[in-house]
Each structure stands twice: as C-alpha cells, then as structure tokens.
Amino acid sequence: MVEIKKLNQFTIEDQMKLGRNGYSSNGKYVIEKSENEELTTISIRHIILEKPYEKDWLHHEYDIERYQEMLPLGFSFGAYEGEALIGVAIVEPRDWNKTLWLWELHVSDRHREQGVGKALIERVCQEAKQKGYRVVGLEVQNTNMPAISFYRKVGFLIEAVDLSFYTNNDIKDGEVAIFMKRKF
C-alpha cells in the first residue's frame with residue numbers, strides 16, 4: 001500500500017534510487033511563431049516522431065540542496081511503500097501570486113502507471129486549496145509527451161511557452177519550454 005506524506009528530507013541518493021532522470025517520447029509538440037506589427041501568432045502542434053526522442057540529464061547536488069530548502073515550506077510530498085521512498089513531488093510556494101510551483105515530480109521506474117504520480121499531484125492540490133492557493137504550475141519540455149499527457153490527465157492545461165528558456169535557439173534546437181497549470 002502506498003502512503004503519501006510530507007517529505008522532510010530528500011538526498012541525491014534518494015533521487016538516484018528513483019531511477020532514470022529522463023524520458024523517451026514517440027511524439028512532440030512543434031512550436032511555430034510568426035510576428036509582424038499587427039499580429040504575433042504562436043502555434044503548438046502535436047506530431048508523431050519517426051524514432052523515439054531520448055532525453056536524460058544528470059543528478060546535481062545543487063538541485064538537491066535547493067529542494068532541501070523547499071521541504072520545510074510544507075508543500076512537498078513523498079510516496080512511500082513501507083519505508084521505501086518511491087516517488088516525490090517537490091513544490092515551492094509563491095505567495096505573491098498564490099501559486100505553487102512543481103519543481104520535481106518523479107516516480108520510481110517500477111512504480112509508474114500505478115497511480116503514484118496522480119496521488120502525489122492530488123495531495124499537492126489538496127494542500128494548495130486548503131492553504132488558499134489558486135494554481136499549481138510547472139514547466140515541461142515540448143518533447144516530453146509522456147509527461148504532458150500525464151499532466152493533462154490530472155487536470156493541467158497548457159498556458160504558455162517560452163521560446164528562449166533553455167537557449168537562444170530553442171525552436172531551432174528542438175526543445176521549447178511549455179508551462180502548464182492546474183487552477184482551482
């Protein structure tokens with residue numbers, strides 16, 4: 001039985017035990033922009049890829065240190081099977097606009113597609129509503145269709161894109177930041 005409870009500590013070892021820090025995607029959103037003095041248009045179109053897009057990134061100690069600073073703020077949760085940490089939702093409150101920012105949602109490889117991620121998101125949203133927050137937001141890459149599909153299923157919608165979030169050539173390089181939100 002999986003139990004969702006407040007996350008009090010999260011180490012680089014915990015992160016590594018959760019497994020792959022990355023994804024494989026059979027599709028992506030193509031982002032296109034046109035602009036003139038009268039009209040700026042940004043379109044987001046889903047396509048299927050000929051071969052899967054693979055993305056992996058390293059575990060960084062500075063990320064873990066930043067997450068540790070967020071934990072005492074009370075909006076981060078862990079999914080536990082017995083004593084084993086099998087998933088995390090690390091969240092930062094932004095009081096100035098009453099939003100919560102989801103920095104990390106990670107479920108161990110062998111516990112995916114079993115409702116653990118959904119349970120973590122629902123617990124974060126429950127806490128947000130109880131404390132008077134109006135939105136949970138996050139950033140995801142246009143190439144991460146498994147994550148975008150999951151977030152849509154749990155109530156998030158695409159609200160914005162940033163065409164230079166990662167580099168000055170995001171559209172050309174093929175990875176664009178998509179911002180999704182779940183409003184209450």
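Model, not experiment: these values are computed from the prediction.
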Pairing of Glu127 and Lys129 as salt bridge, 4.0 angstrom limit: no
Charged N-O contact under 4.0 Å between Glu122 and Lys118: no
Does any N or O in the side chain of [X] come within less than 3.5 Å of the main-chain N or O of [Y], such that one atom is a donor and the other an acceptor?
X	Y	value
Glu175	Ile171	no
Asp173	Thr167	no
Asp162	Ser164	yes
Asp14	Thr11	yes
Arg134	Lys183	no

Same cluster or not: are [X] and [Y] linked, directly or through other Ile, Leu, Val, Met, Phe, Trp or Tyr residues, by side-chain heavy atoms under 4.5 angstrom apart?
X	Y	answer
Leu138	Leu18	no
Leu7	Val107	no
Tyr166	Trp57	no
Phe165	Ile158	no
Ile4	Leu100	yes

Walk me through whether Tyr151 and Lys153 qualify under side chain to side chain contact (heavy atoms under 4.5 Å, CB included). CA-CA 5 Å; Tyr151 289 125; Lys153 286 178 188 170; over 6 Å; no
Could I get the full list of side chain to side chain donor-acceptor pair (under 3.5 Å) partners for Asp109, not counting sequence neighbours? none
Quick one: closest heavy-atom pair of [X] and [Y], and the distance?
X	Y	answer
Ala128	Phe184	CB-CE1, 3.6 Å
Asn21	Leu58	ND2-O, 3.8 Å
Arg152	Met180	CG-CE, 3.9 Å
Val136	Phe156	O-CE2, 3.2 Å
Ala177	Glu139	CB-CG, 4.1 Å
Ile148	Gln141	CD1-O, 3.6 Å

Is it true that [Y] and [X] share a donor-acceptor pair across their side chains at a distance under 3.5 Å?
X	Y	value
Asp95	Tyr133	yes
Thr99	Asn97	yes
Asn144	Ser25	no
Glu54	Tyr23	no

Per-pair distances, 0.1 Å, donor-acceptor, side chain in residues 67-93, under 3.5 Å, sequence neighbours excluded:
| unit_1 | atom_1 | unit_2 | atom_2 | d |
| --- | --- | --- | --- | --- |
| Tyr67 | OH | Glu104 | OE1 | 2.9 |
| Gln68 | NE2 | Phe10 | O | 2.7 |
| Ser76 | OG | Val91 | N | 2.9 |
| Ser76 | OG | Val91 | O | 3.4 |
| Glu81 | OE1 | His111 | NE2 | 3.1 |
| Glu92 | OE1 | Trp103 | NE1 | 2.8 |

To the nearest 0.5 Å, what is the distance between [atom1] ([X]) and [atom2] ([Y])?
X	Y	atom1	atom2	answer
Lys55	Arg20	NZ	CZ	11.0 Å
Thr143	Lys28	OG1	NZ	7.5 Å
Ile42	Glu32	CD1	CD	11.5 Å
Leu163	Asp170	CG	CG	7.5 Å
Asn26	Leu49	CG	CG	7.5 Å
Lys131	Lys98	NZ	NZ	10.0 Å

Is the Trp101 ring parallel, tilted or perpendicular to the Phe179 ring (thresholds 30°, 60°)? tilted
What do the steps show when you test Ile64 against Gln15 for side chain to side chain contact (heavy atoms under 4.5 Å, CB included), and what is the final call? CA-CA 8 Å; Ile64 303 301; Gln15 177 76 51; 4.1 Å; yes
Assess the residue pair Tyr29 and Val161 against the criterion (side chain to side chain contact (heavy atoms under 4.5 Å, CB included)); give the C-alpha distance rounded to whole Å, side-chain angles, the decisive distance to 0.1 Å, and a yes or no. CA-CA 11 Å; Tyr29 280 113; Val161 296; over 6 Å; no
